[in-house]
Chemist: 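One structure, pasted below without further comment.
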Amino acid sequence: MKFSIGGSLKVAFRPWVEGLENIPAEGPAILASNHLSFSDSFFLPAVLDRKVTFIAKAEYFTSPGVKGKLTAAFFKGVGQLPVDRSGARGAGEAAIKAGIQVIEGGGLFGIYPEGTRSPDGRLYRGKPGGLARVALATGAPVIPVAMIDTEKIQPPGKVVPKLMRPGIRIGKPLDFSRYHGMDGDRFILRSVTDEVMYEIMKLSGQEYVDIYATAAKRQIADAEKAAKAERAEAEKAAKAGTAERSDA
């Protein structure tokens, strides 16, 4: 996959990269990135010599039919790990276990602390679960990563990407070994997550919003729903007015 899809991506889009020297040649590390586009999980591994393992919902690996099998083969090929989101705590616990497994195997674990793609290109508050708990449980360094302009290449809902040049900035590794074993302290988890998000903000130049991206998406959806209802009421009133004038 790295030579086929990765090579094609580099030729077609020519992504620029800063800070490659911050990726260790061997040994475990956590790559914590902002999340602007579905294509983030392809551009980042494409520019690295090492394999990066991300997590993906288990449904990508278990869908029936020919399309399901092709999808499963694709996600396995690009180094995605299936995560079962069922259970009391859903994907959170599964993601942590998957991350620890990758780190203990000496690999690079890729994670998006925001938990979902940014709805508007801004940087949102990081979730303190997966990233911080994997870092503190394993002692692995956290490397902040900023994806640049990938949301312009493939906005949500767009299948065919736009040919333009994205960027990737890789920051210096962050050492949280001073908190090793304190992954049960929610204040420490919050502090570690915020420190990582601050570094991502500096690298990306994004405006920071101190709410979760999932909450922002709900606000946007509610606003769109309210606007749609308002337009429907306005159209209804306009039709009623037209009918009254016709009767007159």
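Excluded from the calculations below are hydrogen atoms, water molecules and symmetry mates; all remaining heavy atoms, backbone and side chain alike, are included. None of these values were measured; they are calculated from a predicted model.
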Chemist: For E235, give me all partners under salt bridge (charged side-chain N to carboxylate O under 4.0 Å, His left out), at least two apart in sequence or on another chain.
Modeler: none
Chemist: Using a 6.0 Å cut-off, check whether atom OH of Y198 has over 12 heavy atoms from anything other than its own residue.
Modeler: no
Chemist: Quick one: do L20 and V52 end up in the same hydrophobic cluster if we chain Ile, Leu, Val, Met, Phe, Trp and Tyr together by side-chain heavy atoms under 4.5 Å apart?
Modeler: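 Yes; tracing contacts between hydrophobic side chains, which count when under 4.5 Å, links both residues.
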Chemist: Report, as yes or no, whether the 6.0 Å neighbourhood of atom CZ on R186 holds more than 12 heavy atoms from other residues, nucleotides or ligands.
Modeler: no
Chemist: Got a salt bridge between R218 and D222, using NZ or NE/NH1/NH2 to carboxylate O under 4.0 Å?
Modeler: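 No, R218 and D222 are not salt-bridged.
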Chemist: Rounded to the nearest 0.5 Å, what separates atom CE in M164 from atom CZ in R14?
Modeler: 11.0 Å
Chemist: So which heavy atom on I143 is nearest to which on G171, and how close?
Modeler: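 Closest approach of I143 to G171, heavy atoms only: CG2-O, 3.4 Å.
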Chemist: So does D49 have more than 12 non-hydrogen atoms from other groups sitting under 6.0 Å from CG?
Modeler: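 Atom CG in D49 is not crowded, with 12 or fewer foreign heavy atoms closer than 6.0 Å.
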Chemist: So which heavy atom on I96 is nearest to which on G130, and how close?
Modeler: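 In terms of heavy atoms, the two residues are closest at CG1-CA, 3.7 Å.
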Chemist: For Y112, what residues pass the ring pair (Phe, Tyr, Trp, His ring centres under 6.0 Å) criterion, not counting sequence neighbours?
Modeler: H35, F54
Chemist: Which atom names give the shortest non-hydrogen contact between I170 and V17, and what distance separates them?
Modeler: CD1-CG1, 4.1 Å
Chemist: Among pairs that include at least one residue of residues 144-155, which meet salt bridge (Lys or Arg N to Asp or Glu O under 4.0 Å), considering only residues two or more places apart or in two chains?
Modeler: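 Passing the test, one end in residues 144-155: D149-K152.
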Chemist: Going from CG on L31 to CZ on R50, what distance comes out if it is rounded to the nearest 0.5 angstrom?
Modeler: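 Here the rounded value is 8.5 Å.
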Chemist: Is there a chain of hydrophobic side chains (I, L, V, M, F, W, Y, each step under 4.5 Å between heavy atoms) that links L36 to L9?
Modeler: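 No; L9 is not reachable from L36 via cluster members.
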Chemist: Kindly check if the number of other-residue, nucleotide or ligand heavy atoms within 6.0 Å of CD (E21) is above 12?
Modeler: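 Yes, CD of E21 has more than 12 neighbouring heavy atoms, counting only those of other groups under 6.0 Å.
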Chemist: May I ask you to say whether E199 pairs ionically with K202, meaning some side-chain N is under 4.0 Å from a carboxylate O?
Modeler: yes
Chemist: Between E207 and M201, is there a side-chain heavy-atom distance shorter than 4.5 Å?
Modeler: no
Chemist: If you round to the nearest 0.5 Å, how far is OG of S118 from CE of M147?
Modeler: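 Interatomic distance, M147 CE to S118 OG, rounded to 0.5 Å: 13.5 Å.
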Chemist: Any chance you could measure I168, atom CD1, to S204, atom OG, to the nearest 0.5 Å?
Modeler: 13.5 Å
Chemist: Can I153 be reached from L44 by stepping across I, L, V, M, F, W or Y side chains whose heavy atoms are under 4.5 Å apart?
Modeler: yes
Chemist: Give every residue pair that meets the ring pair (Phe, Tyr, Trp, His ring centres under 6.0 Å) criterion with at least one member in residues 132-183, sequence neighbours excluded.
Modeler: none
Chemist: Under the salt bridge (charged side-chain N to carboxylate O under 4.0 Å, His left out) rule, collect the residues that match up with R178, sequence neighbours excluded.
Modeler: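 Partners of R178 by the salt bridge (charged side-chain N to carboxylate O under 4.0 Å, His left out) criterion, ordered by chain and then number, come out as E195.
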Chemist: For side-chain hydrogen bond (donor to acceptor under 3.5 Å, both in side chains), just list the numbers for N34 and Q206, CA-CA rounded to whole Å, side-chain angles, deciding distance to a tenth of an Å, and then say yes or no.
Modeler: CA-CA 10 Å; N34 60 340; Q206 291 171 277; 2.9 Å; yes
Chemist: So that I can tick it off, tell me whether R133 and E93 are bridged by a salt bridge, with the cut-off set at under 4.0 angstrom between side-chain N and carboxylate O.
Modeler: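 A salt bridge is present here (some side-chain N lies under 4.0 Å from a carboxylate O).
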Chemist: What are the two closest non-hydrogen atoms of P119 and K217, and how far apart are they?
Modeler: CB-CG, 3.9 Å
Chemist: L174 and V102: same hydrophobic cluster, using ILVMFWY side-chain contacts below 4.5 Å?
Modeler: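 Cluster IDs for L174 and V102 match.
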Chemist: Listed by chain and number, what are the salt bridge (charged side-chain N to carboxylate O under 4.0 Å, His left out) partners of D120, not counting sequence neighbours?
Modeler: R122
Chemist: Should Y124 and I200 be regarded as members of a common hydrophobic cluster, given that ILVMFWY residues are connected when their side-chain heavy atoms come within less than 4.5 Å of each other, either directly or indirectly?
Modeler: no
Chemist: Can you list the steps and then say if F13 with F43 is a ring-ring contact (aromatic ring centres under 6.0 Å, His included)?
Modeler: CA-CA 9 Å; F13 294 92; F43 281 114; 5.3 Å; yes
